Amino acid sequence: MDKKLLISSETIKKRVNELATQISLDYEGRNPVLIGVLKGVVFFLADLARELNIPVEIDFVRAASYGAGTTSSRNVRLTKDIENSVHGKPVILVEDIVDTGLTLTHIIQEIEKKGPESVKICALIEKLEIEDIKIPIDYCGFRIKEGFIIGYGLDFDEKYRNLPDLYVLR
Ligand code: IMP
């Protein structure tokens, strides 16, 4: 598989640190629930959470999409729900990569039903090739124009998640 280095682990670390600093400031004195979207988010969430200097809860959801390929005709359902209560609590949804935003839209709807105090979005990568993304991302690591990205949790056919850097497949 031919791959090109996109973002090095050093650059990721620096950016994750910046995001954590901003989140720690914004949530000072509060205890947000970080909800990670499995599986791609594992390394990002682990690194981000350890850079925060506020107390947080950590939980996970897993979403499966099925239907016609990568278009908005896909359906999304949760195959794993959160286990902690988020009622009345501030929630930060942590996602690896937002492409069409379909996955995130569905997850937000499911979380909103549980009565959180607020829901904000933190994504490592926002893809810019889809122009009609309507989801505002509150904390965004990198905005990337094109290509299929692997590494730092992101997979191609379940492989390459353990690469420390981010690559684009060629
Ligand atoms: P969306 O629903 O179109 O926003 O797709 C989001 C999900 O698709 C992500 O959580 C990833 O699992 C997957 N995905 C989208 N683009 C990429 C990519 O470039 N590399 C790896 N996974 C991707």
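Because the structure is predicted, anything quoted here is derived from the model rather than measured. Whatever order the structure lists ligands and atoms in, that order sets their numbers, starting from 1.
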Does I150 have a non-hydrogen atom less than 4.0 Å from ligand 1? no
Does some non-hydrogen atom of G40 fall short of 4.0 Å from ligand 1? no
D155 heavy atoms within 4.0 Å reach ligand 1 at atoms 21 (C)
Side chain to side chain contact (heavy atoms under 4.5 Å, CB included) between E10 and K13, worked out: CA-CA 5 Å; E10 290 78 23; K13 190 171 168 23; 5.7 Å; no
For the pair Y152 and I12, evaluate side chain to side chain contact (heavy atoms under 4.5 Å, CB included) and give the outcome as yes or no after the intermediate values. CA-CA 9 Å; Y152 197 60; I12 297 170; 3.5 Å; yes
Do R143 and E126 meet the salt-bridge criterion of a basic N to acidic O distance under 4.0 Å? yes
Provide the number and element of each atom of ligand 1 under 4.0 Å from a heavy atom of E95. 10 (O)
Under the criterion side chain to side chain contact (heavy atoms under 4.5 Å, CB included), which of V37, I97, L19 is the partner of F44? L19
Strictly distance-based, threshold 3.5 Å: is any side-chain N or O of K127 a donor or acceptor partner for the main-chain N or O of G147? yes
Report the relative orientation of the aromatic rings in Y139 and Y27; use parallel for angles under 30°, tilted for 30 to 60°, perpendicular for over 60°. tilted
Contacting atoms of ligand 1, where contact means under 4.0 angstrom from a heavy atom of D96: 9 (C), 10 (O)
Ligand 1 to L104 polar contact by distance, N or O atoms, under 3.5 Å: no
Using a 4.0 Å cutoff against the non-hydrogen atoms of T103, which atoms of ligand 1 qualify? 1 (P), 2 (O), 5 (O), 6 (C)
L102 heavy atoms within 4.0 Å reach ligand 1 at atoms 2 (O), 4 (O)
Quick one: do K3 and D165 make a salt bridge, cutoff under 4.0 Å? no
In terms of its nearest heavy atom to atom 11 (C) of ligand 1, the top option of I149, I97, L124, L166 is I97
